[in-house]
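Here's the structure we're looking at; comments come further down.
All values below come from the heavy atoms of this structure, side chains included, with hydrogens, waters and symmetry mates left out.
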Amino acid sequence: MKKLFVFRAVCCALALTITLTEARSMDETQTLNARQRGIVTIAAFTANGDLEKLKPALHDGLEAGLTVNEIKEVLVQLYAYTGFPRSLNGIGVFMAVMDERKARGIRDEEGREPSPLPANLDRDAYGARVRAELAGWKSIPAPSGYQLFTPAIDAFLKQHLFADIFARDNLDYQSRELATIAALAAMPGLGAQLRFHLGAAMNTGLSPAQLRDFIAVLDAGVGKKEAVEAGKVLDAVLTARSGQAR
């Protein structure tokens, strides 16, 4: 009888562990975690140039577990979307934040540097593959539109953005796409680009619920107008993907 009781207790404990694990897994796919939310606000305030709000966002990102080099990588990547001035301003604020934290005796985790790129990397081919992967394309389509009208910009996108930058492996694609959609949502007039990158964010594994939470983070911390406009674009992306799934 005692053995049966112990057996049942073990089974109940195991079932509870499985249930809690499943619930935790579900929670993780329903909302962004603290590190991801840190990326959103850091990217958004860098993009819109609100340096007063960027400073506490950087502090919060570090407290949430982002490493120094991960934040540096976000700020570096953003120059491709916001321009060098915004990126450099963000880096300047981050330098001041780091000085302040060091003066207070806070030791933040540096994180790792990116691995060197292979000397023989075919950056054009690599970038084309990365862009296709993010877009969810099964094959690389023939050039069209702006690619034919201005081949130089297509070459820069493939060779620099999707090769030189995305190949830096101290920040994963999902984090890079999260930073990108936050930056694009914080700047007006970029609905087409935001639509592509919301789809790309989902192709890196972010769930529709997590992207709804992304909109909520924008609404609570960045601005209601930005959240409303980004929400409209997200609705269009989800509707289109739902139609494709049928």
Side-chain angles (χ1 to χ4, degrees), residues 24 27-28 30-114 165-166 168-188 190 194 197 201 204 206 209-231:
R24 188 178 301 113
D27 286 343
E28 288 172 353
Q30 295 299 311
T31 61
L32 299 175
N33 61 39
R35 292 176 72 260
Q36 291 171 319
R37 292 183 178 197
I39 289 174
V40 170
T41 53
I42 289 169
F45 293 134
T46 300
N48 68 13
D50 192 337
L51 304 184
E52 289 300 315
K53 291 183 179 179
L54 175 60
K55 185 176 179 180
L58 289 164
H59 280 289
D60 290 345
L62 290 166
E63 294 297 327
L66 287 170
T67 69
V68 173
N69 282 329
E70 285 174 333
I71 292 178
K72 285 182 182 178
E73 196 64 26
V74 168
L75 297 173
V76 167
Q77 176 186 306
L78 287 181
Y79 97 81
Y81 296 97
T82 69
F84 276 111
R86 298 284 193 193
S87 176
L88 289 170
N89 284 347
I91 290 170
V93 173
F94 191 34
M95 291 170 63
V97 165
M98 290 306 301
D99 287 342
E100 179 183 323
R101 291 173 71 86
K102 287 176 182 176
R104 290 162 51 194
I106 300 173
R107 294 186 178 182
D108 294 298
E109 183 182 350
E110 285 291 324
R112 68 184 187 86
E113 297 279 353
I165 295 178
F166 267 71
R168 291 166 62 87
D169 59 1
N170 60 338
L171 196 66
D172 59 39
Y173 286 2
Q174 187 175 103
S175 297
R176 290 187 183 280
E177 283 303 313
L178 195 56
T180 299
I181 59 175
L184 294 174
M187 298 183 291
L190 300 179
L194 179 58
H197 284 283
T204 67
L206 287 172
Q210 284 174 311
L211 290 178
R212 291 291 185 199
D213 192 44
F214 160 72
I215 301 299
V217 173
L218 289 179
D219 183 66
V222 179
K224 293 191 178 298
K225 181 179 179 180
E226 291 83 352
V228 168
E229 293 304 314

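Taking CD1 of Ile71 as the reference point, atom CG of Leu171 lies at 10.5 Å (rounded to 0.5 Å). Taking CD1 of Ile39 as the reference point, atom CD of Glu73 lies at 11.0 Å (rounded to 0.5 Å). Within the model, atoms OG1 of Thr180 and OH of Tyr81 stand 4.0 Å from one another, a figure rounded to the nearest 0.5 Å. Here the straight-line distance linking atom NE2 of His59 with atom CG of Leu54 works out to 10.0 Å at 0.5 Å rounding. Between atom CD of residue Gln210 and atom CG of residue Asn33 there is a gap of 8.0 Å, rounded to the nearest 0.5 Å. Taking CD of Glu226 as the reference point, atom CG of Asp219 lies at 10.0 Å (rounded to 0.5 Å).
Taking 4.5 Å as the limit, some side-chain heavy atom of Leu206 sits within range of a side-chain heavy atom of Gln36. Counting heavy atoms from C-beta outward, Val68 and Leu62 have side chains that approach closer than 4.5 Å. Contact of the Val74 side chain with the Thr46 side chain is not registered, since no non-hydrogen atoms from C-beta on lie closer than 4.5 Å. The closest side-chain heavy-atom distance from Arg168 to Gln77 is not below 4.5 Å. In this structure the side chain of Ile42 reaches within 4.5 angstrom of the side chain of Leu66, judged on heavy atoms. A 4.5 Å side-chain heavy-atom check between Thr67 and Asn170 finds every atom pair outside the cut-off.
The backbone N or O of Ala209 lies less than 3.5 Å from no partner atom in the side chain of Gln30, so there is not a single donor-acceptor pair. Formation of a donor-acceptor pair under 3.5 Å by the Thr82 side chain with backbone atoms of Leu78 is found in this model. Checking side-chain atoms of Arg112 against main-chain N and O of Asp169 turns up a donor-acceptor pair under 3.5 Å. With hydrogens and angles ignored, the 3.5 Å screen pairs a side-chain donor or acceptor of Asp213 with a backbone N or O of Leu32. Between the Glu70 side chain and the Gly111 main chain, no donor and acceptor come within less than 3.5 Å of each other.
Scanning for ring pair (Phe, Tyr, Trp, His ring centres under 6.0 Å) contacts around Phe94 gives an empty result, with sequence neighbours left out. Take Asp172 and apply the salt bridge (charged side-chain N to carboxylate O under 4.0 Å, His left out) test, not counting sequence neighbours, and it matches no residue. With sequence neighbours excluded, no residue satisfies salt bridge (charged side-chain N to carboxylate O under 4.0 Å, His left out) with Arg107.
Here the closest heavy-atom approach between residue Ala230 and residue Ala185 is recorded as CB-CB, 4.0 Å. Counting all heavy atoms, side chain and backbone alike, Leu75 lies closest to Gly90 at CD1-O, 3.8 Å. When all heavy atoms are compared, the tightest approach of Ala80 to Ile165 is CB-CD1, 4.2 Å. The heavy-atom pair separating Ile215 from Gly231 by the smallest distance is CD1-N, 3.7 Å. Counting all heavy atoms, side chain and backbone alike, Gly38 lies closest to Thr41 at O-OG1, 3.2 Å. In this structure, Phe45 and Ala57 approach most closely via the heavy-atom pair CD1-CB, 3.9 Å.
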Please step through salt bridge (Lys or Arg N to Asp or Glu O under 4.0 Å) for the pair Glu229 and Lys225, ending with a clear verdict. CA-CA 6 Å; Glu229 293 304 314; Lys225 181 179 179 180; over 6 Å; no
From CA spacing to verdict: salt bridge (Lys or Arg N to Asp or Glu O under 4.0 Å), Arg37, Asp60: CA-CA 9 Å; Arg37 292 183 178 197; Asp60 290 345; over 6 Å; no
